[in-house]
Amino acid sequence: VQLQASGGGLVQAGGSLRLSCAASGRSFSGYHMGWFRQAPGKERRFVASITWSRGVTDYDDFVKGRFTISRDVTENTVYLQMNSLKPEDTAVYYCGSTRTDFFREASYDYWGQGTLVTVSS
């Protein structure tokens with residue numbers, strides 16, 4: 001199984017980025033695909049998740065209304081559209097897969113390598 005995250009970069013506050021997570025190696029039917037982020041010196045934190053089969057989404061409160069998670073099952077890719085970015089969104093963003101508790105980092109069985117998002121003020 002491979003999860004390949006990409007799309008990070010440097011953006012000014014108020015700007016937008018779209019992250020991608022290309023998934024391969026198995027069927028992800030029945031899985032939640034999640035995005036977490038880890039800021040310097042802090043723990044990895046849940047951002048958003050989506051069910052592969054039905055596209056049901058969940059978000060943490062600090063990104064609701066600004067970030068949108070989606071997936072393209074034909075391309076085996078999960079996206080995170082990030083709008084109205086703030087300096088506090090600066091972090092390494094990771095995608096992962098889980099069959100169970102999408103909110104808990106420990107429940108994920110595979111992770112991508114992370115992509116750095118830096119938001120300047």
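Computed from a prediction, not measured in an experiment: that's the story for all the values here. Because only heavy atoms are used, hydrogens play no part in the values below, and waters and symmetry mates are left out as well, while side chains stay in.
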When rounded to the nearest 0.5 Å, the distance separating OG1 of Thr98 from CZ of Arg104 is 8.0 Å

Donor on one side chain, acceptor on other, Ser29 and Ser53, under 3.5 Å:
yes

On a heavy-atom basis, the closest approach of Ala23 and Leu3 is CB-CD2, 3.5 Å

List the atom of Arg66, the atom of Asp89, and the distance in Å for their closest heavy-atom pair.
NH1-OD2, 2.7 Å

Please determine whether residues Leu80 and Val92 belong to a single hydrophobic cluster, defined as Ile, Leu, Val, Met, Phe, Trp and Tyr linked transitively by side-chain heavy-atom distances below 4.5 Å.
no

In short, Gly8 meets Val117 closest at the heavy-atom pair CA-CG2, 4.1 Å

Looking only at heavy atoms, what is the nearest atom pair of Val63 and Val47, with distance?
CG2-O, 3.6 Å

Measure from the ring center of Tyr94 to the ring center of Phe36 and say whether it is less than 6.0 Å.
no

Would you find a donor on one side and an acceptor on the other, under 3.5 Å apart, between the side chain of Thr51 and the backbone of Val56?
yes

Considering all heavy atoms of both residues, which atom of Gln38 and which atom of Glu43 are nearest to each other, and what is their separation?
CG-C, 4.0 Å

For residues Val73 and Ile50: do they belong to one hydrophobic cluster (side chain heavy atoms under 4.5 Å, members Ile, Leu, Val, Met, Phe, Trp, Tyr)?
yes

Side chains of Thr77 and Asp72: any donor to acceptor distance under 3.5 Å?
no

Linking I/L/V/M/F/W/Y whenever any side-chain heavy atoms sit under 4.5 Å apart, do Trp35 and Tyr110 land together?
yes

Using 0.5 Å steps for rounding, measure from the OG atom of Ser121 to the NZ atom of Lys86.
14.0 Å

Identify whether the distance between the nearest side-chain nitrogen and carboxylate oxygen of Asp61 and Lys64 falls below 4.0 Å.
yes

Would Phe46 and Tyr59 count as a close aromatic pair, with their ring centres under 6.0 Å?
no

Determine whether Leu17 and Leu116 fall in the same hydrophobic cluster, where Ile, Leu, Val, Met, Phe, Trp and Tyr are linked whenever their side-chain heavy atoms lie under 4.5 Å apart.
no

Interatomic distance, CZ@Arg18 vs OG@Ser6, rounded to 0.5 Å, equals 9.0 Å

Do Leu19 and Leu10 sit in the same hydrophobic cluster, where Ile, Leu, Val, Met, Phe, Trp and Tyr count as joined when their side-chain heavy atoms come under 4.5 Å apart?
no

Could you check whether any side-chain N or O of Ser107 sits under 3.5 Å from a backbone N or O of Asp101, counting only pairs where one atom can act as donor and the other as acceptor?
yes

Specify the closest pair of heavy atoms between Ser16 and Ser84, including all atoms of both residues, with the distance to one decimal.
OG-N, 4.4 Å

Determine, for Phe28 and Arg71, whether the Lys NZ or Arg CZ falls below 6.0 Å from the six-membered ring centre while staying within 45 degrees of the axis.
no

Verify whether one side chain among Arg37 and Tyr93 offers a donor that lies under 3.5 Å from an acceptor in the other.
yes

Stepwise side-chain contact (heavy atoms from CB on, under 4.5 Å) check, Arg26 with Tyr31:
CA-CA 11 Å; Arg26 70 174 176 202; Tyr31 281 81; 3.0 Å; yes

I'd like to know if the side chain of Tyr108 reaches the main chain of Phe102, judged simply by a donor and an acceptor atom lying under 3.5 Å from each other, with no hydrogens or angles considered.
yes

Do other residues, nucleotides or ligands put more than 12 heavy atoms under 6.0 Å from Gln2 CD?
no

Roughly how far, to the nearest 0.5 Å, is CZ of Arg45 from CZ of Phe103?
7.5 Å

With a 3.5 Å distance limit and no angle check, can you tell me whether Ser49 reaches the backbone of Gly34 through a side-chain donor-acceptor pair?
no

OG/Ser97 to CE/Met33 distance, rounded to the nearest 0.5 angstrom?
5.0 Å

So that I can tick it off, tell me whether Arg99 and Asp109 are bridged by a salt bridge, with the cut-off set at under 4.0 angstrom between side-chain N and carboxylate O.
no

